[in-house]
Novice: 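Structure incoming, see below.
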Amino acid sequence: MLQRSLLLTFLLFFTAASTAFTAQPRIEVDSSEYNFGSIEEGEKVTHVFRFSNTGDAPLNIERVRSSCGCTVPRLSAEVLAPGDVGEVEAVFDSRRFNGQVVKTIYLYTNDPLHDVVQLSLRGKVNRVIAAEPPRVDFGVLKSGEQRQTQVRLANNGSEAIELGDVTVSNPAVEAELQSDVVEPETSVILTLTVIPEQEQGRLSGYVIIPTNHPSITEIRLPIFGTVSP
C-alpha cells in the first residue's frame, strides 16, 4: 500500500513537472505587413498590428525597436497571458521622405521559436516640393572667390505654395528666390551665391525656406564645399 502511494505521488509530481517544463509561449501575428499605398510627403500613417499568445505560458514582449526615428511604436502590453491579444500601434512620419519606403518594427519576445518578430510598413511617398538638386555642392573654392549656382523648386501638388523669407546658416552664402509663390506643376529658381572669407577648410550650412503647406512647413537644403588655401 505504501509502495502504491509513493508511486502515485511520483507520477503526479512527474506529470506536473513535465507539464511545467513543456509549457511555452507562442506569438501569432494577424498580419506582419501593412501597405499604406501612396501618400504626400508630410502625411502621417498610423496602423495597428495585432498579435496573440497562442501558447500555454505567459508571452513577454521584452523590447520594441523601430528601424528609424521616423516610426514610433506603442505597445499595448508587455506581458500576455495564454489566449490574450496585444497591439502595436505604429506611426510613420513621412517628412523628408520621397519614393518607395519600408519601415520595420522589431518585437523581441520570450517565444523560443520567434524571439524576434518583424512588422513592416511600406508604401510610396510623393514629394510635394522637390528641390533639384536636393543638396548644393559648391566644389573647391579659393578664399574670396565668387561662385553661383541655381536650385529648381518644383511644386508637384495640386495647390499653390507660398514661400517665406529665405535664411542661410552660413553668412558666406546669399540666396535669392525668383518668386515667393509656386503654382501647381510649375517651379521657381533659387539662386545661391557664395564668397567664402575663410582661408581654408570645410564650408557647410543650410538654406531654409518656410512654406504655407500644412505638412511641409519648411524646405531645408544642405550646402557644402571646400575652401582651398
Side-chain angles (χ1 to χ4, degrees), residues 29-51 64-76 87-107 117-137 149-170 173 175-192 204-224:
V29 180
D30 289 358
S31 178
S32 61
E33 184 176 296
Y34 174 67
N35 192 321
F36 56 78
S38 181
I39 63 173
E40 284 191 351
E41 179 195 3
E43 289 186 52
K44 289 186 178 181
V45 175
T46 300
H47 180 71
V48 176
F49 294 96
R50 291 180 173 84
F51 59 95
V64 181
R65 181 176 67 85
S66 62
S67 57
C68 84
C70 61
T71 306
V72 179
R74 297 185 180 93
L75 186 65
S76 64
E87 296 180 344
V88 176
E89 182 187 64
V91 181
F92 165 61
D93 187 346
S94 66
R95 283 180 299 177
R96 298 191 178 91
F97 283 92
N98 185 37
Q100 296 291 337
V101 297
V102 178
K103 299 302 170 186
T104 306
I105 295 170
Y106 302 91
L107 299 182
V117 176
Q118 296 186 23
L119 310 171
S120 299
L121 294 167
R122 66 171 62 242
K124 184 180 180 182
V125 180
N126 299 309
R127 177 147 289 173
V128 178
I129 310 171
E132 183 56 42
R135 54 185 57 84
V136 177
D137 183 3
T149 189
Q150 292 184 330
V151 177
R152 184 177 298 274
L153 304 176
N155 180 359
N156 299 319
S158 58
E159 302 289 338
I161 297 174
E162 296 180 11
L163 306 177
D165 294 335
V166 185
T167 58
V168 185
S169 62
N170 192 313
V173 181
E176 182 180 358
L177 269 173
Q178 179 186 28
S179 171
D180 58 4
V181 178
V182 193
E183 297 294 337
E185 304 301 324
T186 65
S187 60
V188 298
I189 299 299
L190 170 69
T191 301
L192 299 174
S204 63
Y206 285 94
V207 177
I208 302 170
I209 309 173
T211 85
N212 70 333
H213 192 278
S215 300
I216 312 302
T217 57
E218 66 177 26
I219 304 168
R220 183 178 291 258
L221 301 173
I223 54 176
F224 53 93

Novice: How far apart are the C-alpha atoms of Leu119 and Phe51, what are their side-chain angles, what is the distance that settles it, and do they pass the side chain to side chain contact (heavy atoms under 4.5 Å, CB included) test?
Specialist: CA-CA 11 Å; Leu119 310 171; Phe51 59 95; 5.8 Å; no

Novice: Can a donor-acceptor pair be found, under 3.5 Å and without considering hydrogens, that links the side chain of Ser169 to the backbone of Gly205?
Specialist: no

Novice: In terms of heavy-atom contacts, does CZ of Arg220 have more than 12 from other residues, nucleotides or ligands at under 6.0 Å?
Specialist: yes

Novice: I'd like to know if the side chain of Asn170 reaches the main chain of Ser204, judged simply by a donor and an acceptor atom lying under 3.5 Å from each other, with no hydrogens or angles considered.
Specialist: yes

Novice: Has the side chain of Thr211 got a donor or acceptor atom that lies under 3.5 Å from a matching backbone atom of Ile216?
Specialist: yes

Novice: Would you confirm whether Ser67, through its side chain, and Lys103, through its main-chain N or O, come within 3.5 Å as a donor-acceptor pair?
Specialist: no

Novice: Quick check on Glu176: does its CD atom have over 12 non-hydrogen neighbours (other residues, nucleotides or ligands) under 6.0 Å away?
Specialist: no

Novice: Give the C-alpha distance, both sets of side-chain angles, the deciding distance and a yes or no for side chain to side chain contact (heavy atoms under 4.5 Å, CB included) between Ile209 and Leu177.
Specialist: CA-CA 10 Å; Ile209 309 173; Leu177 269 173; 4.3 Å; yes

Novice: Ring-plane angle category for Phe49 and His47, please: parallel below 30°, perpendicular beyond 60°, tilted otherwise.
Specialist: perpendicular

Novice: Could you tell me whether a side-chain N or O of Ser66 sits under 3.5 Å from a main-chain N or O of Thr71, the two making a donor and an acceptor?
Specialist: yes

Novice: How far apart are the C-alpha atoms of Arg127 and Glu41, what are their side-chain angles, what is the distance that settles it, and do they pass the salt bridge (Lys or Arg N to Asp or Glu O under 4.0 Å) test?
Specialist: CA-CA 5 Å; Arg127 177 147 289 173; Glu41 179 195 3; 3.3 Å; yes

Novice: Please lay out, stage by stage, how Thr46 and Glu89 fare under the test side chain to side chain contact (heavy atoms under 4.5 Å, CB included).
Specialist: CA-CA 7 Å; Thr46 300; Glu89 182 187 64; 3.8 Å; yes

Novice: Determine, step by step, whether Val136 and Val207 satisfy the side chain to side chain contact (heavy atoms under 4.5 Å, CB included) criterion, reporting the C-alpha distance in whole Å, the side-chain angles of both residues, the deciding distance to 0.1 Å, and the verdict.
Specialist: CA-CA 9 Å; Val136 177; Val207 177; over 6 Å; no

Novice: Which atom pair, heavy atoms only, marks the closest approach of Asn212 to Ala160?
Specialist: OD1-O, 4.4 Å

